[in-house]
Amino acid sequence: MSDFPFIPPTSVITIPGAHASAAFTSKTSEVFKEEHNIAPIIINDKMKYIPWGGDNQMPYNIIDLIESDETMSTCQMFNAEVCYGSGLVYDTGLATAQVKSQVDDFMLDNDLASYFLGVCQDFKHFGFCVSVIILNEDASCIVRIVRKQACYVRFAPADKSGVIPYILYANWRNTVSPEDIERIELLNPQSPFTDLQNRSKKTKKFAVVSRIPTPDNTYYPIPYYAALFNPNRSLEKASCHFLMTAIRKTALYMLDS
């Protein structure tokens with residue numbers, strides 16, 4: 001008979017007859033939120049990151065879980081479209097001819113509709129998004145804004161002040177070599193504009209992270225729908241929950257229209 005009659009999926013159990021304990025954890029494909037601290041992964045002297053889940057595959061497991069159910073995936077797309085609304089709208093009616101020309105040039109060089117819808121997808125799936133701004137030659141203005149897909153973003157460990165200095169961007173689904181990783185300096189999320197003004201003009205590319213506030217202060221936010229992946233919750237209940245949420249949001253959207 002086993003000395004462990006029941007072992008919870010994520011727990012610390014005292015080993016009988018020994019002055020020690022054993023930690024039992026589940027795979028990230030089965031449990032959304034990790035209960036144990038995760039050590040940084042060091043790539044080289046200039047790059048290291050905090051893995052997203054114990055095996056660094058958590059965002060892809062989340063996507064697979066959502067796409068495995070048509071109701072959940074459809075509702076997630078609906079949530080992103082509601083977040084998008086009428087899109088980004090600009091008005092240069094009161095601007096000078098020079099400013100209007102600059103805005104028109106910026107709009108021609110940037111696909112803001114695609115960018116904003118992608119940002120909404122990241123917000124609704126993962127609770128945060130990352131944008132990259134590119135400056136002109138003298139670093140006096142922003143000429144490009146690009147979305148970096150959240151599932152391919154990894155955060156560097158925070159410094160002593162709690163500020164994350166940079167992000168790493170790569171296809172973490174597979175084995176990644178250092179030359180395939182893009183390192184991008186991250187502006188301070190608390191004051192990105194002030195941080196940008198204090199930066200050296202030699203750097204022309206910066207990342208900006210935006211987060212949906214959550215109760216936990218983690219590197220990778222826990223989205224609002226995390227409870228749906230609880231193994232004790234049936235897929236039917238999860239689908240019904242998503243469906244009812246979509247109906248309520250549709251009603252609110254129609255009332256506000």
Side-chain angles (χ1 to χ4, degrees), residues 28 32-60 62 83 110 115-116 118-172 176-224 226:
T28 57
F32 188 92
K33 183 179 179 181
E34 295 288 330
E35 295 292 341
H36 56 282
N37 294 328
I38 301 177
I41 303 297
I42 300 175
I43 299 174
N44 53 37
D45 294 339
K46 295 183 178 180
M47 292 189 295
K48 56 183 176 179
Y49 67 93
I50 300 294
W52 196 341
D55 55 5
N56 200 34
Q57 297 296 303
M58 185 176 286
Y60 313 120
I62 293 171
C83 181
N110 294 272
Y115 158 79
F116 190 46
V119 164
C120 294
Q121 290 279 11
D122 288 336
F123 266 132
K124 292 302 179 180
H125 278 78
F126 303 114
F128 77 99
C129 71
V130 175
S131 304
V132 169
I133 57 173
I134 301 174
L135 309 179
N136 59 357
E137 292 183 1
D138 61 358
S140 61
C141 65
I142 299 172
V143 294
R144 291 291 308 279
I145 183 168
V146 181
R147 169 210 176 201
K148 289 295 186 182
Q149 297 183 54
C151 63
Y152 299 124
V153 172
R154 297 296 182 271
F155 294 110
D159 58 21
K160 294 181 180 179
S161 301
V163 177
I164 300 173
Y166 60 88
I167 65 167
L168 299 180
Y169 192 76
N171 184 1
W172 306 101
V176 179
S177 57
E179 56 269 18
D180 296 327
I181 301 174
E182 183 180 9
R183 184 185 189 274
I184 308 174
E185 297 297 312
L186 179 64
L187 296 177
N188 189 335
Q190 303 300 323
S191 54
F193 182 68
T194 301
D195 191 7
L196 178 61
Q197 289 179 311
N198 295 330
R199 296 276 185 153
S200 170
K201 292 187 177 182
K202 293 181 180 180
T203 305
K204 302 296 190 299
K205 180 189 293 187
F206 296 96
V208 181
V209 62
S210 302
R211 296 172 181 265
I212 296 177
T214 57
D216 263 344
N217 184 22
T218 58
Y219 282 93
Y220 306 99
I222 306 300
Y224 61 92

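Worth saying up front: this structure is predicted, and the values here are computed from it rather than measured.
Going from atom CD1 of Ile184 over to atom CZ of Phe206 covers 11.0 Å, rounded to the nearest 0.5 Å. Interatomic distance, Leu135 CG to Ile142 CD1, rounded to the nearest 0.5 Å: 6.0 Å.
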Could you check Tyr166 against Tyr49 for side-chain contact (heavy atoms from CB on, under 4.5 Å), going step by step and ending with a plain yes or no? CA-CA 9 Å; Tyr166 60 88; Tyr49 67 93; over 6 Å; no
Candidate pair Arg154 and Ile181, rule side-chain contact (heavy atoms from CB on, under 4.5 Å), full reasoning: CA-CA 10 Å; Arg154 297 296 182 271; Ile181 301 174; over 6 Å; no
Walk me through whether Ile41 and Asn56 qualify under side-chain contact (heavy atoms from CB on, under 4.5 Å). CA-CA 10 Å; Ile41 303 297; Asn56 200 34; over 6 Å; no
Going through the checks in order, is the side-chain contact (heavy atoms from CB on, under 4.5 Å) test met by Ile167 and Val209? CA-CA 10 Å; Ile167 65 167; Val209 62; over 6 Å; no
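When each of Val119, Val208, Val153 is tested with Val130 by the rule side-chain contact (heavy atoms from CB on, under 4.5 Å), just one qualifies, namely Val153. Tested against Glu185, the residues Lys46, Arg199, Lys205 include a single salt bridge (charged side-chain N to carboxylate O under 4.0 Å, His left out) partner, Arg199.
Checking side-chain atoms of Tyr219 against main-chain N and O of Ala158 turns up a donor-acceptor pair under 3.5 Å. When atom types are taken as modelled, the side chain of Lys48 and the backbone of Asp45 share no donor-acceptor pair closer than 3.5 angstrom. Counting only distance, with no hydrogens or angles, the side chain of Asp195 and the backbone of Asn188 share a donor-acceptor pair below 3.5 Å. Under a 3.5 Å cut-off, the side chain of Asn136 and the backbone N or O of Val143 do not form any donor-acceptor pair. Remark: the backbone N or O of Cys151 is not paired with any side-chain donor or acceptor of Asp122 at under 3.5 angstrom.
Counting only heavy atoms from C-beta outward, the side chains of Ile50 and Ile164 never approach each other to under 4.5 Å. Using a 4.5 Å cut-off on side-chain heavy atoms (C-beta onward), Phe123 and Ser210 make contact. In this structure, the side chains of Asn171 and Tyr152 come closer than 4.5 Å at one or more pairs of heavy atoms. Put simply, the side chain of Ile145 does not reach to within 4.5 Å of the side chain of Phe116, judged on heavy atoms. The closest side-chain heavy-atom distance from Pro59 to Gln149 is not below 4.5 Å. A heavy-atom distance below 4.5 Å is not found between the side chains of Pro189 and Arg211.
For Gln197, the CD atom counts as densely surrounded, since its 6.0 Å shell holds more than 12 non-hydrogen atoms of other residues, nucleotides or ligands.
Aromatic ring centres of Phe126 and Tyr220: separated by at least 6.0 Å.
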